[in-house]
Number of protein chains: 2
Amino acid sequence: MPKKTFENLSDEKKKRIFDAAVQEFSNRRFSEASINQIIKTAEISRGSFYQYFHNKEDIYLYMITEISKSKMDVMGRTEEQNPEADFFEIYIKMFQEGLQWSRSNPDYYRVGLLMELDDSRFIHKLQAMAAEGLKSLSNLIERDKRRGLIKPEVDSQLVVEMLYTLNMNLLMKDFMSGLEENMEKRFINMVEIIRGGIARDKS
Amino acid sequence: MPKKTFENLSDEKKKRIFDAAVQEFSNRRFSEASINQIIKTAEISRGSFYQYFHNKEDIYLYMITEISKSKMDVMGRTEEQNPEADFFEIYIKMFQEGLQWSRSNPDYYRVGLLMELDDSRFIHKLQAMAAEGLKSLSNLIERDKRRGLIKPEVDSQLVVEMLYTLNMNLLMKDFMSGLEENMEKRFINMVEIIRGGIARDKS
DNA sequence: TTGTCATGTGACAATCTTGTCATTTTCTTG
DNA sequence: CAAGAAAATGACAAGATTGTCACATGACAA
């Protein structure tokens, strides 16, 4: 949590600092990011920084929170929109919306990917928290089991992990290389393979 | 390539340095690993180090090469052993052998995983080279297509990537958390899902 | 105008890092 | 044994990093 002194700042200055943080954390992993760079970009003094934030973790958390807010505004309502859609329809839709969001907020998106790459204690805690969010997905799979769409013996948690892993890997490659041409096609391809692997045999 | 002065060293000293490098690179990513730590562990002076190697990349490459040799001695013959086995049988066998190798050489194994996590230019080049090795796997899939075991429209390259990604993710988790109880079971579970997704419908 | 108080500042200490180089030590060979 | 070659050494330069702290500044109220 930023200190009270930070809250007191003008919106303009707060934004300047936030943007500087995004700039840094979207180019270097948390453990490699430098406060020096942030204060240089934000044009504040070293002393000020420590008057606003306790340390690097503090500003990172602040930034992540802000970004999450922004993402929540755009996404997170896919599930409610089509209550009748099956798991894979919803999942693909979510992917596409995520893609759209990442295209309009490339920096925020890069922050997220770099977070995935980090291996500091601190970041691992955050990742664990994020993983909680995946539970709702496995609930969807369970529902489709009851509907008779998915084999009952399938480990839904495992499937969610698989999809998440493959998804992340795909985004990561895109992020690193910049080529994303048939990314969506590849994504759907992968999802279809898994769907085929867990779908209940038609009979 | 290490300098000639390094080659001239006694086997004992070479091993001492190699072991020190393994110790460091199995605990920190390439970009974070410190030469200081290596020379301290190996008990050589700073000057000596630079008389043996050009820089950090140099010793890393040397170490990776040695590790690869050691792994090649143990693995890499799975495919030839059962020329009649189908792709998934071979793949699972490979995984199991790899697991065994990693258990008898945990440090080498950690080096490999940390390499996967790094994002420096240098390491990316190495990763690209390693990826070449995956081609032989997609050949196996192609063969199984011809055998009528796998749907002809499947993108074999994509399947290999999926398996590789999932595999890595599994190993990584194990690496981080230390719990590996039902790892093999989970692995087979995942592989079976993909197999089900690309297998030709029985008819 | 003056006193108070929140805020801004950058020099500083304390740690790191890599790569170099003049010097010393050890080895080898005539 | 003695001279010349090869190897080992660690101090050093030059560059980072984070967090602290004594002080400067400026706003606001009495």
Side-chain angles (χ1 to χ4, degrees), chain A residues 1-21 23-63 114 117-123, chain B residues 1-21 23-63 114 117-123:
Chain A
M1 240 174 44
K3 299 185 182 174
K4 209 162 70 187
T5 43
F6 179 73
E7 310 293 350
N8 294 343
L9 256 36
S10 74
D11 284 355
E12 186 276 330
K13 195 161 190 175
K14 275 196 278 196
K15 183 168 180 342
R16 222 169 62 220
I17 295 172
F18 171 78
D19 288 344
Q23 195 174 110
E24 179 64 0
F25 288 119
S26 66
N27 279 304
R28 324 180 63 162
R29 272 199 306 263
F30 174 76
S31 20
E32 279 158 4
S34 134
I35 292 180
N36 275 349
Q37 193 50 244
I38 296 176
I39 62 178
K40 215 160 105 191
T41 310
E43 290 176 300
I44 59 172
S45 73
R46 179 148 212 86
S48 289
F49 178 89
Y50 283 98
Q51 210 130 30
Y52 304 150
F53 303 98
H54 296 92
N55 48 35
K56 198 159 71 164
E57 300 186 1
D58 201 16
I59 192 176
Y60 189 79
L61 223 47
Y62 165 71
M63 181 194 63
L114 281 181
L117 280 178
D118 208 285
D119 57 359
S120 64
R121 266 266 151 70
F122 170 65
I123 295 294
Chain B
M1 241 176 36
K3 298 186 184 174
K4 208 161 70 188
T5 42
F6 179 72
E7 310 293 351
N8 294 342
L9 257 37
S10 73
D11 284 357
E12 185 276 330
K13 195 160 189 177
K14 275 197 278 197
K15 182 166 179 346
R16 222 170 62 220
I17 295 172
F18 171 79
D19 288 345
Q23 195 173 111
E24 179 65 359
F25 287 120
S26 66
N27 280 304
R28 323 180 65 162
R29 272 197 307 264
F30 174 77
S31 21
E32 278 159 4
S34 134
I35 292 179
N36 276 350
Q37 193 49 244
I38 296 176
I39 63 178
K40 215 160 108 191
T41 310
E43 290 177 301
I44 60 173
S45 72
R46 180 149 209 84
S48 289
F49 178 90
Y50 282 98
Q51 210 132 28
Y52 305 150
F53 303 98
H54 295 92
N55 48 38
K56 197 161 70 165
E57 300 185 1
D58 202 15
I59 192 175
Y60 188 79
L61 223 45
Y62 164 72
M63 181 196 62
L114 281 180
L117 281 178
D118 208 285
D119 58 359
S120 63
R121 266 269 150 70
F122 169 65
I123 295 294

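All values reported here derive from a predicted model rather than from experimental measurement. So that the names make sense, note that chain A is the first sequence line, chain B the second, and so on, each numbered from 1.
In this entry C/dT20 has D/dA11 as its Watson-Crick or G-U wobble partner, both defining distances falling under 3.5 Å.
OP1 or OP2 of D/dG19 lies within a sub-4.0 Å distance of a side-chain N or O belonging to A/Y50. In terms of phosphate contacts, B/Y52 brings a side-chain nitrogen or oxygen within less than 4.0 Å of OP1 or OP2 of D/dA8. Of the side-chain N and O atoms in B/S48, one or more sit less than 4.0 angstrom from OP1 or OP2 of D/dT9. Side-chain nitrogen and oxygen atoms of B/S34 include at least one within less than 4.0 Å of the OP1 or OP2 phosphate oxygen of C/dT17. Phosphate proximity of D/dG10 to B/S45: absent, as no side-chain N or O sits under 4.0 Å from OP1 or OP2. Contact annotation: A/K13 side-chain N/O to C/dG8 OP1/OP2 distance is under 4.0 Å. Contact annotation: A/N55 side-chain N/O to D/dG19 OP1/OP2 distance is not under 4.0 Å.
A/I123 contributes atom CD1, which lies 11.0 Å from atom CG of A/L117 (distance to the nearest 0.5 angstrom).
DNA chain C is contacted by both B/G47 and A/F49; A/F49 maps to the nucleotide lying nearer its 5′ end (nearest heavy atom per residue).
Which of C/dG8, C/dG19, D/dT18 sits closest to the side chain of B/R46 comes down to C/dG19. Listed candidates were C/dT9, D/dA8, D/dT18. Nearest to the side chain of A/Q51 is C/dT9.
A/N36 places its CG atom 13 Å from the P atom of C/dG10, with the value rounded to the nearest Å. Per the geometry, NZ belonging to A/K4 stands 14 Å off P belonging to C/dC5, to the nearest Å. The distance from atom CD of B/E43 to atom C1' of D/dT9 is 15 Å, rounded to the nearest whole Å. Separating the CD atom of B/Q37 from the P atom of C/dT15 is a distance of 17 Å, rounded to the nearest angstrom. Put simply, CG on A/D58 is 15 Å from C1' on D/dT18, counting in whole angstrom units. Spacing between atom CD1 of B/I35 and atom P of D/dG10 amounts to 17 Å, rounded to whole angstrom units. Between B/K3 atom NZ and D/dA6 atom P the separation is 15 Å, expressed in whole Å. B/K40 has its NZ atom 12 Å from the P atom of C/dT18, to the nearest Å.
In this structure, B/Q23 contributes its side chain and B/T41 its backbone to no donor-acceptor pair below 3.5 Å.
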Please assess A/D11 against A/K15 for the test salt bridge (charged side-chain N to carboxylate O under 4.0 Å, His left out), listing each intermediate value before the final yes or no. CA-CA 6 Å; A/D11 284 355; A/K15 183 168 180 342; over 6 Å; no

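Both the sub-6.0 Å distance and the 45° axial angle are not jointly satisfied by B/K3 relative to the ring of B/F53.
Checked against B/Y52 for a side chain to side chain contact (heavy atoms under 4.5 Å, CB included), the options B/I17, B/D58, B/I59 give a single hit: B/I17.
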